[in-house]
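See structure below.
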Amino acid sequence: MLLPSSAKESRKGDLSMTTKPAVIVAVDGPAGSGKSSICREVCKQIGFVYVNTGAIYRALGLIAKRMNFDLDDDQQLGNLVTIFNQGLEWDAKTGSLYFEGENLSPHLYDEQVGLFASKIAKNPKLRTLLLPLLRNLAESAPGGAMLDGRDIGTVVFPNADLKIFMTASLEQRAKRRLLQLQDKASPSETLPSHQQIMAEIEKRDAQDKYRGTAPLKKSPDAIEFDTSDLGIEESIATMTKMIKSKLNLA
Ligand code: DC
């Protein structure tokens, strides 16, 4: 299912007209803490729409690179958001992002695209222009929505019904990333070492935490959820239980 046309219209029109869905769950945390894999499954279990905002920054980074935009130029990044908004289709069911008919999702997860995303995400103008889109994707969900990112509980939805800050040790996050790469790699491919991945993640953490606009930080009212010692199934079960209990869901 693509974004309903009424929601698309409201994205382009008067954004103050959107209706708040019953429930918004905001999930923030550093790269590799398990947010997307866990949130996607938890949403299936509780019937919420999942909005992966990192994928949106990645899609913007990818398009910026393909179109040779200058990642440091305010004006160009402003134009980028306009072009992105016009060409974007979002499949709420699978979370796939289409730009001008092309499914971008298979291209979003290499380290280079992550670094472009992190770079453009430092730009305050781009972030402000993106806010209505992020809010509308969630608010147009028929029931509740769960968004994950870096600033969801602090900036995008400061009044979210529930906020979760997901963490995991650097060591664990690098281990998980390496397993993901091994899963996808062809037998002849040379993979980065655990040390190299730790260094990449540390670099991205620093870019996300120490930027001037909407830095990654725990909102004071967020519940901290450390997944370092939990497997994926255990993390999903623990988070589903926590959300159901906090929000009184059946
Ligand atoms: O969650 P991720 O690794 O896919 O996100 C990619 C980059 O996008 C990340 O380095 C920081 C940025 N980002 C952001 O600044 N704010 C968000 N709400 C989500 C992602």
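Counting begins at 1 with the first residue of the sequence. Note that ligands are numbered from 1 as they come in the structure, with each ligand's atoms numbered from 1 the same way.
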Closest non-hydrogen protein atom to [atom], residue and atom name please, with distance?
atom	value
atom 19 (C) of ligand 1	Thr53 OG1, 3.3 Å
atom 12 (C) of ligand 1	Ala121 CB, 3.8 Å
atom 10 (O) of ligand 1	Arg204 NH1, 3.0 Å
atom 16 (N) of ligand 1	Arg127 NH2, 3.0 Å
atom 7 (C) of ligand 1	Ala117 CB, 3.8 Å
atom 4 (O) of ligand 1	Arg58 NE, 2.6 Å

Under the 3.5 angstrom rule, does the side chain of [X] hit a backbone N or O of [Y] as a donor-acceptor pair?
X	Y	value
Thr227	Thr167	yes
Arg173	Ala31	yes
Lys35	Gly29	yes
Asp148	Val27	no
Ser193	Gln196	yes
Lys163	Pro158	yes

Item to check | Side chain proximity check, Leu62 to Phe116, heavy atoms < 4.5 angstrom | outcome: no

Next on the checklist: Quick check: do Met239 and Cys39 have side-chain heavy atoms less than 4.5 Å from each other?
Outcome noted: yes

Next on the checklist: Heavy-atom contact check, 4.0 Å cutoff: does Lys122 meet ligand 1?
Outcome noted: no

[X], any N or O under 3.5 Å of ligand 1 N or O:
X	answer
Arg211	yes
Arg150	yes
Tyr57	no
Asp208	yes

Next on the checklist: Out of all atoms in ligand 1, which are within 4.0 Å of some heavy atom of Gly149? Include the element for each.
Outcome noted: 17 (C), 18 (N), 19 (C)

Checklist entry - Which atoms from ligand 1 have a heavy atom of Ser118 less than 4.0 Å away? => result 10 (O)

Checklist outcome for this item: Counting heavy atoms under 4.0 Å, the part of Gln207 that contacts ligand 1 is neither

Checklist entry - Do Arg177 and Gln180 get their side chains close enough for a donor-acceptor pair, meaning under 3.5 Å? => result yes

